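When reading the values below, keep in mind they use all heavy atoms of this one structure, side chains included, and skip hydrogens, waters and symmetry mates. What you see is a predicted model; the values in this text were computed from it and never measured.
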Amino acid sequence: MLEGQMIALSVRDFFTKSMLKIAFLPLIITMAVLLIAFYSAADYGFDSLQVYIETTQNGQDVTVDPNAPFYYIWATAVIGFLFQYSVTSWLVGFLFYTIGTLFVMMFSVFTTLIIIGFLTPFILEIIQKRHYPEIKTNGFGNILSPLWVLFRSGLIMVIMFFVLMPLYFIPFINIIAFNFPLYYFFHKLLNYDIASTILTKEEYAVIHAKKASSFRGRTIFLYILSMIPFITLFTAVFYIIYLGHGYFQELKKIRNNEDSIINSLDKKQITD
């Protein structure tokens, strides 16, 4: 299958009802829960400050324990100044809710990506039943293997950041130098997550030896795609579908070769 055909097939799979549910439901539910928790906490906090706000707006002095830490005294003075006037009080509230909402939305995306990572076997099972029913998957590793890959890849990424630090001051090259450790982490985790669900360790070694550059090119394409603002909100499932097709196609070749070898050996034994 040509690469363009694989991308087109992955896009069609992504826009099926089952995949769209996986892509959007975790995000919507996570975002709703976190936003409700944030607004509830914020409302409680502002209610607690209401007495303080009314006191400062009425021009009354607010007593602060002189033995309190300096940052508490400083924060109290700043809050008293900001809430002394209705305009600044409204502005602080507006900025707090706006920035807080954006932060919650970003955290929701991060949480959703983790949830979708746990749904990888389910996504690949749908792809396997739809396009590769003749192929049986035999994953490798155990419950601790992903944690080890996460730790090892994260450690190497941090080391890369320090090693490449001198290049961060060179224009244009610094873009590549900064993104290279992030791409390495992205590539390792995504490949392991999918390959360990579909293949045996031996099959993964064979595919990696022959097609490592092909899968590296695919993950570079996906990493560049992920740099488009907000697109990661919707494409994490697409990444799994696309790379899943790549591994299923290579696994199909391996299994077909094995079957042809077995058939040729059987025919030879019969003739002998």
(message) Testing the basics here: between Tyr184 and Ser153, what is the closest heavy-atom pair and its distance to 0.1 Å?
(response) CE2-O, 3.9 Å
(request) Kindly say whether Arg12 contributes a backbone atom to a donor-acceptor pair with the side chain of Thr16 at under 3.5 angstrom? (result) no
(request) Take Leu124 and Ile240, measure what side-chain contact (heavy atoms from CB on, under 4.5 Å) needs, and give me the verdict at the end. (result) CA-CA 8 Å; Leu124 294 174; Ile240 298 171; 3.9 Å; yes
(request) Report whether Ile170 and Leu182 are members of the same hydrophobic cluster (ILVMFWY, side-chain heavy atoms less than 4.5 Å apart, transitive linking). (result) yes
(message) Donor-acceptor check, side chain of Arg255 to backbone of Lys136, threshold 3.5 angstrom: yes or no?
(response) yes
(message) Please check: side-chain N/O of Asp193 versus main-chain N/O of Asn191, any donor-acceptor pairing under 3.5 Å?
(response) no
(request) Could you check whether the rings of Phe178 and Tyr168 sit parallel, tilted or perpendicular, using 30° and 60° as the cut-offs? (result) perpendicular
(request) Using the side-chain hydrogen bond (donor to acceptor under 3.5 Å, both in side chains) rule, take Glu3 and Tyr242 through it: C-alpha gap first, then chi angles, then the decisive distance, then the call. (result) CA-CA 10 Å; Glu3 203 65 32; Tyr242 177 49; 2.4 Å; yes
(request) Check the surroundings of atom OH in Tyr223: do more than 12 heavy atoms from other residues, nucleotides or ligands lie under 6.0 Å from it? (result) yes
(request) Report yes if the side chains of Asn174 and Phe169 come closer than 4.5 Å at any heavy-atom pair, otherwise no. (result) no
(request) Measure from the side-chain N and O atoms of Thr200 to the backbone N and O of Glu203, and report whether any donor-acceptor pair falls under 3.5 Å. (result) yes
(request) Indicate the atoms forming the closest heavy-atom contact of Phe180 with Leu164, along with that distance. (result) CD2-CD1, 4.2 Å
(request) Check whether the ring centres of His245 and Tyr132 lie less than 6.0 Å apart, and answer yes or no. (result) yes
(request) Measure the spacing between NE2 of His187 and CG of Leu222 and express it to the nearest 0.5 Å. (result) 11.0 Å
(request) Find out whether the Lys NZ or Arg CZ of Arg218 is both under 6.0 angstrom from the six-membered ring centre of Phe215 and within 45° of the ring's axis. (result) yes
